[in-house]
Amino acid sequence: MTAEAILDLAGLQALLDALRDRGFSVLGPTVRDGAVVPAPITSVQQLPRGWGDEQDAAHYRMRRRDDDALFGYASGAQSWKPVLFPARQLLWRGRRGGDGFTVEPPVEGTGGSYDVFGPPPYALIGVRSCDLHAIGIHDTVLLGRAGVDAHYDDARRDAFVVAVACSDPAGTCFCASMGTGPRPDAGFDLCLTELSTTGEHRLLVEAGSERGEEVLAALPRSAADDDDRRAAEEVTATATERMGRHLETEGLREAMYAGVESPHWDDVASRCLACGNCTLVCPTCFCTSVDDETDLTGDLAARVRNWDSCFTGDFSYLHGGSVRASIGSRYRQWATHKLASWIDQFGTSGCVGCGRCIAWCPAAIDITEEAAAVQAEARAGGS
């Protein structure tokens with residue numbers, strides 16, 4: 001981070017305007033249907049001003065705050081994954097005509113991010129540190145290997161990221177345990193920290209890239225001093241102390257491997273509905289299936305990629321049967337991949353501690369509790 005300044009609301013609005021003038025589709029957190037979700041924005045008035053949230057196991061509620069904080073909620077109901085890696089992605093569409101079969105490239109109105117969020121490049125406003133790390137994980141998985149995901153690349157390329165430091169974590173948050181927050185540390189162009197949430201808004205803005213410096217230099221701003229920097233550090237220090245959950249990561253990978261035959265998975269299976277909610281809200285899950293579609297005439301055909309889940313029986317269906325027929329084996333696969341084998345595959349944990357899987361599980365299953373139970377069994381077995 002090489003440049004710092006203070007923005008007020010007018011300066012923040014100028015930031016949105018500057019990004020739009022530079023050709024970005026500007027997306028930010030908005031309140032819709034009782035939840036914070038990303039959507040196109042043009043004004044700071046569309047941000048969740050004065051809104052907070054309550055999150056716990058199987059519980060998510062918006063609440064009115066007693067101030068005008070713009071980013072006073074914890075992680076939104078959904079991450080930025082639907083923008084960069086949409087739930088439904090048209091891979092190609094073909095039409096049969098008099099002179100043959102013509103393949104049409106995906107365009108606006110045919111599925112993917114375009115329909116909801118507009119065309120790339122995107123400017124993402126208010127990215128939490130946990131979600132910033134999740135985007136970094138997807139960069140590794142979808143861009144950093146031999147088979148680059150061209151559709152993710154199209155949405156991710158040239159994206160301008162405005163991160164925001166978390167000030168009010170939820171009861172389900174445990175990013176501090178995972179080393180992924182609450183303060184963004186890299187991967188952003190600009191980072192905001194709300195210093196005052198009543199009266200005149202003051203936001204410390206830090207540049208994390210040359211693009212960020214260039215945009216910041218064009219905004220109406222005032223100089224940041226040492227008191228501002230200390231105040232920003234206090235915001236995230238307080239947030240760290242107020243984490244709602246904790247996950248012990250020391251020896252976790254080894255414990256998850258050791259617990260592959262643990263009877264605890266049967267206990268989880270007795271509660272799990274295999275609904276797939278956890279994978280749908282997880283910012284790092286990337287499993288998909290590919291479906292072929294056609295119209296009644298047979299003249300129009302399409303291949304579509306949809307989000308899938310390792311909790312569905314068909315996902316591991318091979319030659320007449322499912323590899324993971326029981327719910328317990330599916331939860332074990334998901335949790336062990338997140339917390340252990342993901343590290344072997346991609347060099348990092350697959351969990352960023354956002355807590356969404358806890359909040360949106362209708363059975364209130366808590367990955368931190370289930371991991372702790374497996375760890376306790378591993379310690380008991382090794383004693």
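In what follows, residues are counted from 1 in the order of the sequence shown.
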For a quick test of reading the model, state the closest non-hydrogen atom pair linking Gly212 to Leu190 and the distance between them. O-CD2, 3.4 Å

Sequence neighbours left out, what passes ring pair (Phe, Tyr, Trp, His ring centres under 6.0 Å) with His264? Give chain and number order. none

Cut-off 3.5 Å, side chains only: do Glu200 and Ser196 have a donor facing an acceptor? no

When rounded to the nearest 0.5 angstrom, what distance separates OG in Ser270 from CH2 in Trp265? 13.0 Å

Could you check whether any side-chain N or O of Arg221 sits under 3.5 Å from a backbone N or O of Leu219, counting only pairs where one atom can act as donor and the other as acceptor? yes

Please determine if Asp53 and Arg61 form a salt bridge, counting it only when a charged side-chain N lies under 4.0 Å from a carboxylate O. no

Assess, by modelled atom type and distance only, whether the side chains of Gln46 and Thr30 contain a donor and an acceptor separated by less than 3.5 Å. no

Can Val304 and Asn306 be said to form a side chain to side chain contact (heavy atoms under 4.5 Å, CB included), step by step? CA-CA 6 Å; Val304 180; Asn306 297 296; 3.8 Å; yes

Hey, does the side chain of Thr336 reach the backbone of Gln333 with a donor-acceptor pair shorter than 3.5 angstrom? no

Test salt bridge (charged side-chain N to carboxylate O under 4.0 Å, His left out) on Arg229 and Asp226 and set out the steps. CA-CA 5 Å; Arg229 298 181 187 95; Asp226 289 341; 2.8 Å; yes

By the definition salt bridge (charged side-chain N to carboxylate O under 4.0 Å, His left out), identify the one residue from Asp227, Asp8, Asp228 that meets it with Arg202. Asp228

Do the side chains of Val36 and Val281 join up, straight or via other hydrophobic residues, at under 4.5 Å, putting them in one cluster? yes

Glu214/Arg22 salt bridge by N-O under 4.0 Å criterion: yes

Do we get Arg63 above Trp51's six-membered ring, with its NZ or CZ under 6.0 Å from the centre and within 45° of the axis? no

Taking all atoms of both residues into account, what is the closest heavy-atom pair of Cys282 and Cys285, and its distance? SG-N, 3.5 Å

Is the shortest side-chain heavy-atom distance between Ser349 and Met178 below 4.5 Å? yes

Let me check something: do Ile343 and Ile137 share a hydrophobic cluster, defined by ILVMFWY side-chain heavy atoms less than 4.5 Å apart, either directly or through other members? no

Could you check whether any side-chain N or O of Glu248 sits under 3.5 Å from a backbone N or O of Gln375, counting only pairs where one atom can act as donor and the other as acceptor? no

Does any non-hydrogen side-chain atom of Val44 lie less than 4.5 Å from one of Leu16? yes

Common cluster, Val215/Leu12, ILVMFWY with side-chain heavy-atom separation under 4.5 Å: yes

Would you sort out whether Leu203 and Leu195 count as a side chain to side chain contact (heavy atoms under 4.5 Å, CB included), showing the intermediate values? CA-CA 6 Å; Leu203 301 99; Leu195 303 183; over 6 Å; no

Go through it in stages, so that I can follow the logic: the residues are Phe286 and Asp149, the test is side chain to side chain contact (heavy atoms under 4.5 Å, CB included), and I'd like the CA-CA distance, side-chain angles, deciding distance and then a yes or no. CA-CA 11 Å; Phe286 60 91; Asp149 187 311; over 6 Å; no

Keeping Arg96 on the side-chain end and Gly298 on the backbone end, is there a donor-acceptor pair under 3.5 Å? yes

Are the side chain of Trp360 and the backbone N or O of Ala57 linked by a donor-acceptor pair below 3.5 Å? no

Phe346 vs Trp342 aromatic rings, parallel, tilted or perpendicular, using cut-offs 30° and 60°? perpendicular

Go through it in stages, so that I can follow the logic: the residues are Asp139 and Arg156, the test is salt bridge (charged side-chain N to carboxylate O under 4.0 Å, His left out), and I'd like the CA-CA distance, side-chain angles, deciding distance and then a yes or no. CA-CA 8 Å; Asp139 288 348; Arg156 179 72 171 98; 2.9 Å; yes

Applying side chain to side chain contact (heavy atoms under 4.5 Å, CB included), run through Leu90 and Arg93 and close with a yes or a no. CA-CA 7 Å; Leu90 177 67; Arg93 184 172 68 175; 4.2 Å; yes

Would you call Thr279 and Trp334 a side-chain contact if the rule is heavy atoms closer than 4.5 Å? yes

Before giving the answer on salt bridge (charged side-chain N to carboxylate O under 4.0 Å, His left out), spell out for Arg88 and Glu293 the whole-Å C-alpha distance, their side-chain angles and the decisive distance to 0.1 Å. CA-CA 13 Å; Arg88 175 182 169 85; Glu293 303 175 354; 3.2 Å; yes

Could you check whether any side-chain N or O of Asp131 sits under 3.5 Å from a backbone N or O of Arg128, counting only pairs where one atom can act as donor and the other as acceptor? no

Report yes if the side chains of Asp68 and His201 come closer than 4.5 Å at any heavy-atom pair, otherwise no. yes

Would you mind reporting whether Asn277 and Arg356 have side-chain heavy atoms less than 4.5 Å apart? no

Less than 4.0 angstrom from a charged side-chain N to a carboxylate O is my criterion; do Glu370 and Arg332 meet it? no

Counting only N and O atoms by type, is there a donor-acceptor contact under 3.5 Å from the side chain of Glu194 to the main-chain atoms of Phe71? yes

Any idea how Tyr152 and Phe85 line up, ring-wise: parallel (<30°), tilted (30 to 60°), or perpendicular (>60°)? perpendicular

Transitive ILVMFWY side-chain link Leu280 to Val141, under 4.5 Å: yes

Is the closest side-chain heavy-atom distance between Asp189 and Val162 below 4.5 Å? no

Is a donor on one side and an acceptor on the other found under 3.5 Å between the side chain of Arg65 and the backbone of Gly72? yes

Less than 4.5 Å apart, side chain to side chain, heavy atoms only: is that true for Val26 and Leu124? no

A side-chain contact here means heavy atoms from C-beta on lying under 4.5 Å apart; do Trp307 and Ser289 qualify? no

With the threshold set at 4.0 Å, does a side-chain nitrogen-carboxylate oxygen contact exist between Asp366 and Arg271? no

CZ of Arg253 to OG1 of Thr249: how many Å apart, nearest 0.5 Å? 13.0 Å

If we ignore angles and hydrogens, is there a donor and acceptor under 3.5 Å between the side chains of Lys81 and Thr284? no

Cut-off 3.5 Å, side chains only: do Tyr257 and Asp344 have a donor facing an acceptor? yes

Gln345 side chain to Ser341 side chain, donor-acceptor N/O pair below 3.5 angstrom: no

Counting only N and O atoms by type, is there a donor-acceptor contact under 3.5 Å from the side chain of Arg211 to the main-chain atoms of Asp158? yes

Do we see a donor-acceptor contact under 3.5 Å between the side chains of Thr312 and Asp314? no

Atom pair CG/SG of Asp266 and Cys272 - distance to nearest 0.5 Å: 12.5 Å

Would you check if the side chain of Ser129 reaches a backbone N or O of Thr180 as a donor-acceptor pair within less than 3.5 Å? yes

Is it true that Phe24 and Leu27 fall in one hydrophobic cluster, defined by side-chain heavy atoms closer than 4.5 Å? no

Looking at every heavy atom in both Pro38 and Phe117, which two are closest together, and how far apart are they? O-CE2, 3.5 Å

